[in-house]
Structures are given as structure tokens and as C-alpha cells.
Amino acid sequence: MSKGKYYITTAIAYTSKKPHIGNSYEIVLTDAIARFKRLQGYDVFFCTGTDEHGQKIEEQAKADGITPKQHVDKIAGEIKDICDNLNTTYDHFIRTTDDYHEKAVQKIFKKLYDQGDIYKSSYEGHYCVPCESFFTESQLVNGKCPDCGAEVKLAKEEAYFLRLSKYQKQLEEHIENNPDFIYPESRKKEMINNFIKPGLQDLCVSRTSFKWGIPVTFDDKHVIYVWIDALSNYITALGYDPDGSGEMYSKYWPADVHIVGKDIIRFHTIYWPIMLMALGEPLPKQVYGHPWLLFGTDKMSKSKGNVIYADELTARFGVDAVRYYLLSEMPHATDGSISYETIIERYNSDLANTLGNLVNRTVAMINKYFDGVLPVNDCTEELDKGFIEDILSALPVMEKAFSDFRIADAVEAVMNSAKRSNKYIDETAPWALAKDEANKNRLSTVLYNLLEAIRIIAVELTCFMPDTAKAILSQINCEEASYESILSFGAAKLGTKVGTATPLFTRIDAAVMLKEIEEEMQKKMQAAANAAEIAGIAKIGIEDFAKVDLRVATIKECEPVKKAKKLLKLTVFDGAANRTVASGIAKWYKPEDLIGKNIILVSNLKPATLCGIESQGMILAADCSEDDVKVIFVDGIPAGSKVR
Ligand code: MSP
């Protein structure tokens, strides 16, 4: 029997670039909640997807020489792959370029316009291209964008506006009458004090400065600006249509919770409710603004070289270990941080030691002492009662933690059961019981209690580590994984043969892995620094480049220079005559490596005297690393050929 419907969503991710592990945290978090609700018996609809329009995407695609659609297809594919790789159970993946979404958004815009909630005016302000937002003078920080720090430019645009001011009072009342609407409390205060109380300004909802957006049907100069487009996904995904929605919409809307990051709570608790009020639709029951995952205390960014992607982590640690880490490490309200040290530490202590050992030891003992089949579970002692109570107490703790979005506490409750079970092993000392045949019944009961505790733990773990949960249930050969079966103790059956004890997690040698990671990070940082350097080099026009005369030349003679260890003195034939060139490549080449080779010569370089040698040109070589230089050989091309 279903406990009712539960509609849960994530924010839809921008398709500007491949998302890092911080962005991916949200989908894992939402998945854990969706899985738990399903376990409890709710009819869950879990929606995620991608936000694909906007100027930034248009510009990026242009720079890459592809269409915006090609660009978003690629990134949306990568994002979906990440969601799948992380084993998330979304029911629907919406893309804002989906036809049904675009059509519904156009109708929403038109309806709001027709009823006077959207009106045409013009916008003047400081515009930030990366954030696609206008800012007033007072909002700027040191004259730059307050959100991303980029340069802003003064811009004026004809635009459509959504009347937020008209709904201010209604929104305030809603927030007051629904104390859990904005969650947690700290975010609610921030919204009320920083944004609502100072007075809502009408929101600019169209643009004329770029084309990659959903066109306004009745004014083709304009495209709908991203927030009306993006936020509508939550209802268009259910088939919302202002002219009459289908069954899915009536069944699942309003959303039970929108899970979003702290940076976009404002859009979800001010603009989105007002849009819905204007449309005459019910508001989502709750918006949970989760904190951010940082690298150390830093934001992750490709240009800093500290960005970590989900697929890198899952390749190294496995999907469940990554899910476990994210869910157990992220605080409820303050930012969390990711570091390889803590991942390895948690992996070894929680997964390999606590959980892995518990399952391994128990299954091994059942095999060793009973050939895999337990005969009885009725030789109980007083201490079993406390143990069973402790194991059963995890579920109510989890339920409370989930309803407060304190997912790390829910994970902890299950891990506490695993720790408690290990303690029970120490307390009952099965190996000692096994020494005396007279204790057979007691030993079977103890191992049964452990087996059942492990079953309950595995069922509870399904929300966090689904594959591990499956592996445990298969190792203990138990299929009973329902919510009802973990409300009380005893669903594991006697008489079933457990499988072979197979380690769930192999301990990681922290020192070895950290060294390997450090080397990879260094390479990434170097690559990021190189990219930044390349990006920072002044651009030249083709006319500047045309001034450089590059020719293929043949090295005829080559000798070391006595007074300068670094130099080689070359005689090269440039297709017309021989000339002398001094080149600082003695560290990497001997004369015999060079004689007879064709190279590229900068032939119109002004002569310069180096250690007494007049050098009449320069040969091209590449800096492969700080300590490795390679001359560019072009054998097979005749001397004198122009390179351009
Ligand atoms: N497209 C908008 C959302 C529109 S919803 C109608 C957007 N996209 S995003 O790709 O930038 O972010 C997607 C989600 O990831 C947001 O909820 C955002 O807060 C979250 N995160 C972005 N960086 C994050 C971390 N470092 N850590 C945790 N969550 C992060 O915003």
C-alpha cells in the first residue's frame, strides 16, 4: 500500500561545462532521500535534468565552432552519464531544450503577459556575462560582479519584467504560515532579511542581446531569460500546460521538496513561488537549500587545477564509497570540504574496518562453525535484548534525520548499528563459545542475531550504498529487504545457507595512494597554469605573424662552442645560401644528432652576437617541460620551403 506520493527534484544543472563533484553532490543527496522514501512505501517521482539556454552557452559554442545545440547535447550527455554512474534513480531527466518544455514555457510566458503579470519596459544596469545578470551600482563589489567577480559592462535593453512587487505580501504571508517552506531556518532568515524585507524589485525575464533561448511567441526579438525557463522545469516535467495539464501533474504537483544549493535558494523561494502564485498553481511544500562542497576551504575550479570529478573518484574508490563519503561527510547547513585524506580515512575506518569486517567475520563464522546454515535462534541471554533494541533504534533515528535533511546523521545511525554489532561480537566471543559443543545453541543464536542485524543494516544502507547493500544481502543469502521487515527483529530465515565470505572493501594503503594522487594533482595544476599562461599571452593579428619569415633549412655542420657550454654553432643551408646560427641546445643534442637534419629557421631575425658568434637566425624547438627541449625536425621537406 502506497503511503502517498512524493515528488522530489534537484536543481537542473547548467550545461556550460562538465560538472565537478560539488555539483554532483546534489544528485546523490536527492537520490538517497528518494530511495529512503521509496523504502518507506511512498510513490516517489524524482526529477533531475539540465538547464541549457543562455548567453554563456551561446558564446562558448561559438568559440568552439559548434552550434549551441551541439554544445548542450554533449554536456547534457556527460551530466546524464554522471547521474547514471553514481547509480541515481531519477524517474525523469528533463532538458530545457526538450520540445514539450519549450512549448509549455512559451505558454506560461504568454499567460503571464496576457494577465498583466509580465510587462514590457527597459533595463539599464551593469551586466555580467558569465552570470547573465544585471546589477545595480550598489550591488557591485569593487566595481565587479558580486557573484563571480568578473568585469561588468553598462548595458541597456528593452525587456519584459515579471511583477514581483505585486505578490510581495502574499509571499510574506505564505512564508509565515508555512514555517518549513524555506529550510533550514538560517536560509529562511537570510531570504527574509536580505531580499524580501528590503522590497522586491520586478524581475527582468527576457533578453534581446542573444538568441539561444526560448523565443517569446508574440515578440520575436526577445528570448525568455533563463529563470522563467529553468524554474518551470519542475512543472513542465509533469506535463503542466496552462490550457490543461495531464494526470502526472495532478498526481505529483505540488513538489514535496526542491533540493537546491545555497546560491539559488533565492530563485526558488522568491521568484518561483511568485510565478506559481501568478499562474494560480499551488506552491512546493518545501525548498531545502543545501550547503556547498569545497576543496579544502577553496571553491573547486578548473583554472586552479583543484577540480575533482565524480568519475575520477568512482574509478578510484568505487561508486558506493563515493556516495558514502559525500553523504556522510557533508554537514547539514555549513559548507563541507572534500579531501583525499578524509576519503581514504573514511574508506578504511568505516567501510573496510567497521562494515566490511562485521560482514566478513560473521559470514566466515557461520560457515566455519555451522557449514553456512544456522540451526536455532532461541538460546537468548539478557544482553541480546539490549543489542536488538539498539539495532532497531536506528530506523527511527534515520527517519527523523531524513525528515530534517540531516543525511549524515542518518548514515551515522546505520554505521552505529555496525559498530554496535562488532561490539556484540566482542561481548559474546563466538570463538570462545565454539570451543565447547555444549554452547552450540548459544553460538547459533549469537550468530543469528548478528546475521539479522546485518540484514537490517543492509536494508537501511540501500539508500546510501545500493550495490553494497545488494552484495551484503546476497552474501547472507537473504532476499527480505522490505521496510516492514526492518521494523522488528527476526525476518532472516534459519536454515538458509550463507554464501562465501568475500571482502566488501579492501583496505587502501593511504601513503601509496596519496603519493599517486599528489603526482596527478601536480600535473593537473601544471596544465591549469600552462592554460592560464597561454590564455594570458597577448594576441597578435595575422599581419604580425606574416612578418616572421620561417624557412625549412638543412643543418650542414655543427660544433660545440668552447666558451659557452650551452651553445652549439650550426651551419645551415636555407635553400639559397649557408648561414651561421648559434643555438642553446647543447644540453639536449650532440652535433651528430643534428647534422643532415631539416629544421625550421626564423630566417629574418636580426643578426645577434652570442659569445662571439654572429647568429643569423634561430631554429625552432619546443619546451616539452622545464628540463626537456626538442628541436622541430621536418625531414622530407626541401630546404628553402616557406612555413606559414
Ligand atoms: N541551472 C541552475 C539551476 C536552475 S534550477 C531551476 C544552476 N545550475 S548549476 O549547475 O550551477 O548548479 C546546479 C546545482 O549544483 C545547484 O543547486 C548548485 O547550488 C549546486 N552546486 C554548485 N556547486 C556546488 C558545490 N560546490 N557543492 C554543492 N553543490 C553545488 O545553478
Side-chain angles (χ1 to χ4, degrees), residues 8-31 47-57 60 72 75-76 78-80 82-83 86 88 93-97 101 105 108 130-133 147-148 187 203 205 213-214 224-237 255 257-273 275-276 284 287-302 304 306-310 313 325-327 329-339 405 407-408:
I8 183 166
T9 66
T10 66
I12 48 171
Y14 284 131
T15 43
S16 39
K17 54 181 188 271
K18 177 178 170 179
H20 53 59
I21 189 70
N23 303 109
S24 309
Y25 162 67
E26 190 171 292
I27 183 92
V28 174
L29 166 73
T30 311
D31 182 63
C47 190
T48 190
T50 41
D51 184 357
E52 306 192 358
H53 293 118
Q55 185 169 11
K56 200 150 93 181
I57 286 164
Q60 251 172 21
V72 296
I75 309 278
E78 286 176 357
I79 293 175
K80 197 158 185 280
I82 291 174
C83 298
L86 287 167
T88 61
F93 192 97
I94 185 170
R95 297 182 54 185
T96 55
T97 51
H101 171 80
V105 168
I108 291 171
C131 297
E132 297 172 7
S133 299
D147 286 344
C148 74
R187 303 288 178 204
L203 177 74
V205 289
I214 303 177
I224 297 169
Y225 175 55
V226 288
W227 282 104
I228 281 220
D229 168 6
L231 289 163
S232 300
N233 93 84
Y234 301 126
I235 51 176
T236 64
V257 64
H258 292 314
I259 308 280
V260 302
K262 60 176 186 176
D263 57 323
I264 55 171
I265 301 176
R266 176 162 55 112
F267 304 99
H268 286 79
T269 58
I270 299 176
Y271 306 157
W272 180 225
M275 272 176 69
L276 288 164
V287 176
Y288 169 50
H290 63 76
W292 268 29
L293 178 63
L294 309 175
F295 182 78
T297 52
D298 240 2
K299 262 190 172 181
M300 263 176 260
S301 101
K302 208 170 174 182
K304 285 185 198 151
N306 66 0
V307 60
I308 300 177
Y309 297 105
L313 289 180
Y325 178 77
L326 291 174
L327 295 168
E329 193 67 16
M330 275 299 282
H332 162 69
T334 50
D335 287 342
S337 86
I338 187 166
S339 76
F405 299 99
I407 311 305

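Start at 1 and go down the list; that is how both ligands and their atoms are numbered.
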**Prompt:** Between His268 and ligand 1, is there a nitrogen or oxygen pair with a distance under 3.5 Å?
**Reply:** no
**Complete:** protein heavy-atom neighbour closest to atom 16 (C) of ligand 1 works out as Glu26 OE1, 3.4 Å
**Request:** Can you sort out which atoms of ligand 1 are near Leu293, meaning under 4.0 Å from one of its heavy atoms?
**Result:** 25 (C), 26 (N), 27 (N), 28 (C)
**Item:** Heavy-atom pair of closest approach, residues Pro19 and Ser24
**Value:** O-OG, 4.4 Å
**Request:** Take Asp335 and Lys262, measure what salt bridge (Lys or Arg N to Asp or Glu O under 4.0 Å) needs, and give me the verdict at the end.
**Result:** CA-CA 9 Å; Asp335 287 342; Lys262 60 176 186 176; 2.7 Å; yes
**Request:** Report, in ascending order of atom number, the atoms of ligand 1 lying under 4.0 Å from any heavy atom of Asp51.
**Result:** 1 (N), 2 (C), 4 (C)
**Asked** Just distances here: any N/O of Ile12 and N/O of ligand 1 closer than 3.5 Å?
**Response** yes
**Prompt:** At what distance is the nearest protein heavy atom to atom 11 (O) of ligand 1, and which residue and atom is it?
**Reply:** Tyr14 CD1, 3.2 Å
**Request:** For His290, counting its heavy atoms only, list the atoms of ligand 1 lying under 4.0 Å from any of them.
**Result:** 28 (C), 29 (N)
**Prompt:** Is any N or O atom of Gly261, backbone or side chain, closer than 3.5 Å to an N or O atom of ligand 1?
**Reply:** yes
**Request:** Give a yes or no on whether the ring-centroid distance for His258 and Phe267 is below 6.0 angstrom.
**Result:** no
**Message:** Suppose we measure from atom 22 (C) of ligand 1 to each protein heavy atom; which comes out shortest, and what is that distance?
**Reply:** Asn23 ND2, 3.0 Å
**Request:** Could you establish whether Trp227 and ligand 1 come within less than 4.0 Å of each other, counting only heavy atoms on the residue side?
**Result:** yes
**Prompt:** Can an N or O of Asp263 be found at a distance shorter than 3.5 Å from an N or O of ligand 1?
**Reply:** yes
**Request:** Return the residue, atom name and 0.1 Å-rounded distance of the protein heavy atom closest to atom 28 (C) of ligand 1.
**Result:** Gly22 O, 3.0 Å
**Request:** Output the list of atoms in ligand 1 that are nearer than 4.0 Å to some heavy atom of Val260, sorted by atom number.
**Result:** 17 (O)
**Message:** Check the orientation of His332 and Tyr288. Use parallel for under 30°, tilted for 30 to 60°, and perpendicular for over 60°.
**Reply:** parallel
**Message:** I need the contact type for Phe267 against ligand 1. Using non-hydrogen atoms and a strict under-4.0 Å cut-off, is it side chain, backbone, both or neither?
**Reply:** neither
**Message:** Show the atoms of ligand 1 that are less than 4.0 angstrom away from any heavy atom in Ala230.
**Reply:** 6 (C)
